[in-house]
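Written out below as structure tokens is the structure these notes cover.
Note that the structure is a prediction, hence the values are computed from the model and not measured. Counting begins at 1 with the first residue of the sequence.
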Amino acid sequence: MKAVFKKEVRSLLFSYAGMAFIGLFLCFAGAMTAYWNLSELSSSFEVIFAYMPFAAIALIPLLTIGAFSKERREGTDRFLALLPLSTKDIVLGKYFARLFVAMIPNVILIFTPLILNIWGEVNYATAYVTLLVFSILECLLISVCLYIDAHCKRRYLAAIIPYGVLVLWFALGVIGENIPASNAFLRAFGDILSKLSPFSLFNGFLYGLFDFRVVFAYLATAILFVALCIWAFASKNGVYASEDYKNTAQKKASVTLSLVMAFAIIFANVCVMLTPERLGRIDITSQRTYTLSEETKDFLASLDKDVTVYAVNFEDSEYRIKLFLDRMASYSDSLAVRDIDTEKDIDFAVKYGLDGYDASSLANSIIVESADRIQMIYYSSLFTYTNNSEYFGFERISASEFQQYYSAFASNEQYAEYLNILITETDMYFEGQNVISRAIEYVAADYIPSLYVLGGHETDISGTLLGQLGSYYGMTPKTLNITDGSPVTMDVASLMIATPKTDLSESELSAIMAYLEKGGQVTALTNESNLEMKNLMSLLDSYGMTASAGILAEQVTIENESEESAEEPKTEESKTLTVYPNYDHDIMATIASQGGEYSAKITNANSIKLNEGKDSSLLLTPILKTSENAYFAGAENEKATHIVAAAAERARGDRVVWLTAADSFLGVGDMASFDEQQINNTMAVLFAQSWTNNVYSSQLSEAPASQYMTNGLQMSETASTVLGMIFVAVIPAAAVAVAAIIRYKREKA
């Protein structure tokens, strides 16, 4: 074998085909490096290998054309067969010689990441693993082309067929990846086509996932075709073969052995490819983009409801997110991932109301669906941004907040320097593990706690301003009727008791108290008549709050309408009060965050007393207070500050909010007549509801985010241009020149 290897290497290396292969391969690799790494200032060397398969398809047949067909045509195969060499030695010598020449450009490419690292930070793991696996892919392609050549008698067939096979192989993957997966059959068919193409299997390595299953498949298939090539060469040259192949029985045994080995390798390939992805793929990214926390893995493994994740209109540039979804699905038998193109899958677009949207506006979005509910995740919500520069210094802001920064500094040319700092020094972090896991948790939940209004007491808030604003903010309540003695179920996130016309029954009181003891939450809105309801007041009293009968009032000044009148301004008693928020409580702090000063004007309010010593586990806090000039109607001389709304809470989670002057807060009346002040009043109840209405609270803890965008190369335009010329022209020309000089000297000698 060694003699054949040396002869073939000398013949190939100094032939026009060998020099063309080395020169063109290095030129193509240099051009990709110049564009993707130097022009785009990307430190990800592995990105060029997304295009290197095109070079392999175009150039590898140059090395295999005539390996056997030329020998057969010129009759030199007879002399090979008569030499004291086995067929195996001949075929392996030719194969390894071509492999040696094919690896020369790859050896030169080893130095490229080292050079790029001078101007940035290159992830050597992904760079060199991708280069290694690409080299193994070349081993496979050479074995296939060599096998084809072993069967061809005519040189033009030996040139055409390998190109046809490689192009078809590549096309299978493209077709498989682009088949509209509108039903299970098409999805399975597309998946099979993709896995039949070694080029499609190579894609995962480009994004930092080392898949030993693919490497095994490449090596096993290469061994298979080399073995078949040995058998083919022996069959074609049996009449001239050495003694090992002249015996018919031995030839049959050789054929049988080859077939058995072929089936064994195919079977081993199938077994390895069926290995679960979570075991077959290793995350080699520097930021561990695809590595899930143990809690996330346990959650996915315990998922007992079928959940489908739709990757909608995903672009090639965001293929990493698609791989991340596949990674998550590999940990659960109940989780499936489907690719969706809304322009091709019209039925899907119509079903989910996406047919009216431009495909680009939905790009890279995710829909998570179970039999019970659905949630959409927009692309921007998968990321947060951090900037540690002295000019900005923000941590973990959302995409919308980052866009506000960008818009502010992009709007004026004088901020160009700051805009550049914002762009170049902001790190982008992928929050997919948190966002997607919680969406899956949400759609798979047995029930989602909701806002309820206590029914059975002629309570109806649908016609109030509160009902209208609640619907606008996604807080439309359901009705809970427990007059039959049934308990308050745990799907009640918050229970509103709004001006009941009749008192709570004993069974209702017991049910609500039991609900609160389990961490339930209640919002009560009352008017003057409700203070006489024994059970309702007992409920509130158990949370340290009591109310005094009597409407609060304050003195207002009535100015004279006529400026000419000598009469003094008059004062009179008004039951309309201006009340002020306690911004130290979360409810009112939320209102304050909306901007501007807040105050409410309410009518027919009652005074709430907080019994601080009633229960040490209770935290009692005023929410709204009057001015110090308020008093009970008819008792002007007893002015004081009164509480008209308060909150009680315990560490175990139960909360009760009580607001008097219910009609003012509910917004009872003609919807068209409400002014800004009345809307302001109702917002207090809305935020109180929001505080007590934890509609969905994830049980998953925060998972670490991973940096998504790598830091780019820091190099000048001149350095980029010069280095690009070296990669594209100087290195390929130098390699070809060395081979040409040696060829010339050999011919002269």
Inset, instruction - Can you establish whether the number of heavy atoms outside Y406 located under 6.0 Å from its atom OH is more than 12? - result: no
Inset, instruction - Classify the side-chain pair S486/D484 by whether it contains a donor and acceptor separated by less than 3.5 Å. - result: yes
Legend entry - Any donor-acceptor N or O pair under 3.5 Å, side chains S437, E441: no
Legend entry - Backbone N/O of G455 and side chain of N481: donor-acceptor pair under 3.5 Å: no
Legend entry - Donor-acceptor pair between K601 and T578 side chains, under 3.5 angstrom: yes
Legend entry - Under 3.5 Å side-chain donor-acceptor pair for T641 and E628: no
Inset, instruction - Tell me yes or no: between the side chains of Q404 and S407, is some donor less than 3.5 Å from an acceptor? - result: no
Legend entry - Exam field: side chain R288 to backbone S706, donor-acceptor pair closer than 3.5 Å: no
Legend entry - From L504 atom CG to T483 atom OG1, the distance as rounded to the nearest 0.5 Å: 11.5 Å
Legend entry - Donor on one side chain, acceptor on other, R650 and S617, under 3.5 Å: yes
Legend entry - P477 to I461 - nearest heavy-atom pair and separation: CG-CD1, 3.8 Å
Legend entry - Polar side chain donor-acceptor pair, T291 to D283, under 3.5 angstrom: yes
Inset, instruction - For T285 and T289, indicate whether the former's side chain and the latter's backbone hold a donor-acceptor pair under 3.5 Å. - result: yes
Inset, instruction - Would you check if the side chain of Q433 reaches a backbone N or O of S293 as a donor-acceptor pair within less than 3.5 Å? - result: yes
Inset, instruction - Run the numbers on E318 and Y708 for side chain to side chain donor-acceptor pair (under 3.5 Å), then give the verdict. - result: CA-CA 10 Å; E318 302 303 334; Y708 194 68; 2.6 Å; yes
Inset, instruction - Return yes if a side-chain donor-acceptor contact under 3.5 Å exists between T626 and E554, otherwise no. - result: no
Inset, instruction - Anything under 30° is parallel, anything over 60° is perpendicular, the rest tilted; go ahead and classify Y418 against F409. - result: tilted
Inset, instruction - Using only heavy-atom distances, determine whether the side chains of D654 and Q521 contain a donor-acceptor pair under 3.5 Å. - result: no
Inset, instruction - Determine whether the side chains of T386 and R396 contain a donor N or O and an acceptor N or O closer than 3.5 Å. - result: yes
Inset, instruction - Could you tell me whether the side chains of Q678 and N681 share a donor-acceptor contact shorter than 3.5 Å? - result: no
Legend entry - Aromatic centroids of F383 and Y378 separated by under 6.0 Å: no
Legend entry - Gap between atom CG of L686 and atom OG1 of T523 - 0.5 Å precision: 10.5 Å
Inset, instruction - Could you tell me the separation between the NZ atom of K322 and the CG atom of N364, rounded to the nearest 0.5 Å? - result: 12.5 Å
Inset, instruction - Please tell me if the side chains of I374 and V443 come closer than 4.5 Å, counting only heavy atoms from C-beta onward. - result: no
Legend entry - Main-chain N/O of A661 paired with N606 side-chain donor or acceptor, under 3.5 Å: no
Inset, instruction - Check whether more than 12 heavy atoms from other residues, nucleotides or ligands sit under 6.0 Å from atom NZ of K501, and answer yes or no. - result: yes
Legend entry - Distance, nearest 0.5 Å, that separates OH of Y331 from OG1 of T296: 10.0 Å
Inset, instruction - Would you please say whether a donor-acceptor pair under 3.5 Å links the side chains of H585 and T621? - result: no
Inset, instruction - Go through the steps to decide whether E401 and Y385 satisfy the test side chain to side chain donor-acceptor pair (under 3.5 Å), and finish with yes or no. - result: CA-CA 9 Å; E401 290 173 307; Y385 299 81; over 6 Å; no
Legend entry - Separation between CG of L539 and CD1 of I512, rounded to the nearest 0.5 Å: 6.0 Å
Legend entry - Inter-residue atom distance L525.CG - D663.CG, 0.5 Å rounding: 9.5 Å
Legend entry - Donor on one side chain, acceptor on other, S701 and E295, under 3.5 Å: yes
Legend entry - Test log, rule ring pair (Phe, Tyr, Trp, His ring centres under 6.0 Å), inputs H642 and F632: CA-CA 10 Å; H642 293 268; F632 289 103; 5.2 Å; yes
Inset, instruction - Would you tell me whether N387 and T426 have side-chain atoms, one donor and one acceptor, within less than 3.5 Å of each other? - result: yes
Inset, instruction - Check each of V488, L480, I482 against Y515 using the side chain to side chain contact (heavy atoms under 4.5 Å, CB included) test, and report the only one that passes. - result: V488
Legend entry - Distance-only donor-acceptor check, side chains T342 and N313, under 3.5 Å: yes
Legend entry - Side-chain donor-acceptor pair present, Y543, E649, cut-off under 3.5 Å: no
Inset, instruction - Answer yes or no: does atom NZ of K575 have more than 12 heavy-atom neighbours from other residues, nucleotides or ligands under 6.0 Å? - result: no
Inset, instruction - Please confirm whether the backbone N or O of A329 pairs with a side-chain atom of S332, one donor and one acceptor, at under 3.5 Å? - result: no
Legend entry - Any donor-acceptor N/O pair, E638 side chain to A635 backbone, under 3.5 Å: no
Legend entry - Main-chain N/O of S548 paired with S607 side-chain donor or acceptor, under 3.5 Å: no
Inset, instruction - Decide side chain to side chain donor-acceptor pair (under 3.5 Å) for S370 and D372; before the verdict, give the C-alpha distance in whole Å, the side-chain angles of both, and the deciding distance to 0.1 Å. - result: CA-CA 5 Å; S370 70; D372 298 322; 4.7 Å; no
Legend entry - Criterion side-chain hydrogen bond (donor to acceptor under 3.5 Å, both in side chains) against Y631, the qualifying member of E636, Q555, K639: Q555
